[in-house]
J.: 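Questions regarding the structure given below will be posed in turn.
Since we're looking at a predicted model, the values are computed, not measured. Whatever order the structure lists them in is the order used to number ligands and atoms, beginning at 1.
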Amino acid sequence: MEIGGVQLFPRQGSTYAGNVDLLFLYLNLLTLFFVVLVATLITVFAIRYRRRREDEVGEQIVGSTKLELSWMVALVPLAMIAFFWGAQLYLRISTTPEDATEIFVIGKQWMWKFVHENGQEEINTLHVPVGQPIKLIMTSQDVIHSFYVPAFRTKADVLPGRYSETWFEATRTGTYHLFCAEYCGTNHALMIGSIIVQDPAQYQQWLSGGGAEAAGGTQGSPAAQGEALFNQLGCAGCHRPEGGGPGPSLVGIFGEPVELESGETVTADESYIRRSIIDPNAQIVAGFQPIMPTYEGQVSEEQILQLIAYIESLSAPAEDAASGSQ
Ligand code: CUA
């Protein structure tokens, strides 16, 4: 938005940026209107009803129900517009489209690390394709950070010990600022980076080509690395794909409800799996014993994300036939 050639907000770079700005404009105009109205009335009344004689005594006014009611009734719709508009926009921003490309984000003092679906990694720079919804699955290795891209009007906290999610769809190619928007220690102000929005073809080229050596990576996708880790840590000994082991089979569980020993039912999402690795006895699957040791300190946040990606891949539609035993 520009006023008199001055750029008030960063250029809108995502599908919902325009709507965020409109709501913000509405709230500002509403506020401005009442500030002007109230300030004007105070001034006018102060002059008009000023004391004119030394012995003048003001008239006692007890109130007017009619006046009070009418302003309340008149203002409720204005507040409700802000509420429903804001709620609708919040829901839109917090509901990730089904076909979104997933990217893992790990915040740590003081940098941003990104892991793409094919295992491509980058630090403080994130390449994304234009016109495609991008889902960010974010966690922190230490303290609370906040992922903030002003041009996209995207801001979401990045928390240690759990996963937060946000999404955006960039509408034009270019380079955009990325900030950490939560004070996280001495070098918080240096925890910045760039989002590079490319044509899908360019992005594919970047994803498969050039950067791969830089990332040191022929290690494969997070899911493939997760599978190697799963076997290396011996998880497969208990969590046998066909079931029947001391631990439940993990085939086909991702995103599905899980019945717990406590009688509760939880959804097997990223946070549930993370917790099961770090604090395995907190949520025991119905019919199993609390015998799994914790892997806290033995696996990094990045490795946990790889394990999650692997477990998620066990629920991919293509493997449905193989998971018939579940
Ligand atoms: Cu990370 Cu501020």
J.: Which residues pass the ring pair (Phe, Tyr, Trp, His ring centres under 6.0 Å) test with F83, not counting sequence neighbours?
T.: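 F83 satisfies ring pair (Phe, Tyr, Trp, His ring centres under 6.0 Å) with no residue once adjacent residues are dropped.
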J.: Linking Ile, Leu, Val, Met, Phe, Trp and Tyr by side-chain heavy atoms under 4.5 Å, what else ends up with Y148?
T.: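 ILVMFWY cluster around Y148 also holds F179, I192.
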J.: Restricting to distances shorter than 2.8 Å, give the number of protein N, O or S atoms close to atom 1 (Cu) of ligand 1.
T.: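 With waters ignored, the protein N/O/S count below 2.8 Å is 4.
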J.: Quick check: do Y310 and L250 have side-chain heavy atoms less than 4.5 Å from each other?
T.: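 Answer no - side chains too far apart.
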J.: Among pairs that include at least one residue of residues 105-114, which meet side-chain hydrogen bond (donor to acceptor under 3.5 Å, both in side chains), considering only residues two or more places apart or in two chains?
T.: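 Counting only pairs at least two positions apart or across chains, the side-chain hydrogen bond (donor to acceptor under 3.5 Å, both in side chains) contacts touching residues 105-114 are K113-E302.
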J.: Can you check whether I103 reaches V128 side chain to side chain, under 4.5 Å on heavy atoms?
T.: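 In contact.
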J.: Quick check: do L229 and C235 have side-chain heavy atoms less than 4.5 Å from each other?
T.: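 Side-chain contact under 4.5 Å: no.
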